[in-house]
Amino acid sequence: CPHCGDPIPCPTRIEVGAVLPATVQVVHDWGAYVWLPGGYTGCVHVQEIADKTIASAHEMLSAGQVVTVRVTMTRDNSNDVVGVCCEPRL
């Protein structure tokens with residue numbers, strides 16, 4: 001893949017419901033941005049990270065951490081990933 005260097009090609013289209021590996025890029029109190037295969041970016045809200053209530057995404061995630069996510073939302077009629085959740089939740 002030209003985006004990530006992985007010998008396995010990345011998806012050219014990501015559908016809602018897809019379960020994929022993601023690398024945490026930036027963590028904020030409210031959630032985190034993650035990098036998905038194919039060069040896509042997703043946003044994980046703090047309520048979508050863990051089964052228990054956490055005050056900050058920093059409690060469960062750190063930059064560089066690899067997590068499995070499920071795509072929950074994309075932009076209208078495009079392949080821009082907008083929302084993802086940890087799957088399974090941490």
Open item on the list: Please give me the minimum heavy-atom distance between Leu36 and Gly42, naming the atom from each residue.
Closed with: CD1-N, 3.5 Å
Open item on the list: I want to check something: taking the side chain as every heavy atom from C-beta on, are Met60 and Lys52 in contact at a cut-off of under 4.5 Å?
Closed with: yes
TODO: Could you tell me whether Gln47 atom CD has more than 12 heavy atoms of other residues or ligands within 6.0 Å of it?
DONE: no
Open item on the list: Can you confirm whether Asp29 sits close enough to His58 that some side-chain heavy atom of one is under 4.5 Å from a side-chain heavy atom of the other?
Closed with: yes
Task: Rounded distance (nearest 0.5 Å) linking atom CD of Gln25 with atom OH of Tyr33 - done: 12.0 Å
TODO: Could you note down all residue pairs passing salt bridge (charged side-chain N to carboxylate O under 4.0 Å, His left out) where residues 30-47 supplies at least one of them, sequence neighbours left out?
DONE: none
Task: Under the ring pair (Phe, Tyr, Trp, His ring centres under 6.0 Å) test, residues paired with His28 that sit two or more places apart - done: Trp30
- [ ] Please name the pair of heavy atoms, one in Ala22 and one in Val69, separated by the smallest distance, quoted to 0.1 Å.
- [x] CB-CG2, 3.8 Å
- [ ] Identify the heavy atoms of Val16 and Thr72 that sit nearest to each other, and give their distance.
- [x] CG1-O, 3.9 Å
TODO: Under the side chain to side chain donor-acceptor pair (under 3.5 Å) rule, collect the residues that match up with Ser62, sequence neighbours excluded.
DONE: none
- [ ] For residues Val46 and Ala57, report the shortest heavy-atom separation together with the two atoms involved.
- [x] CG2-N, 3.8 Å
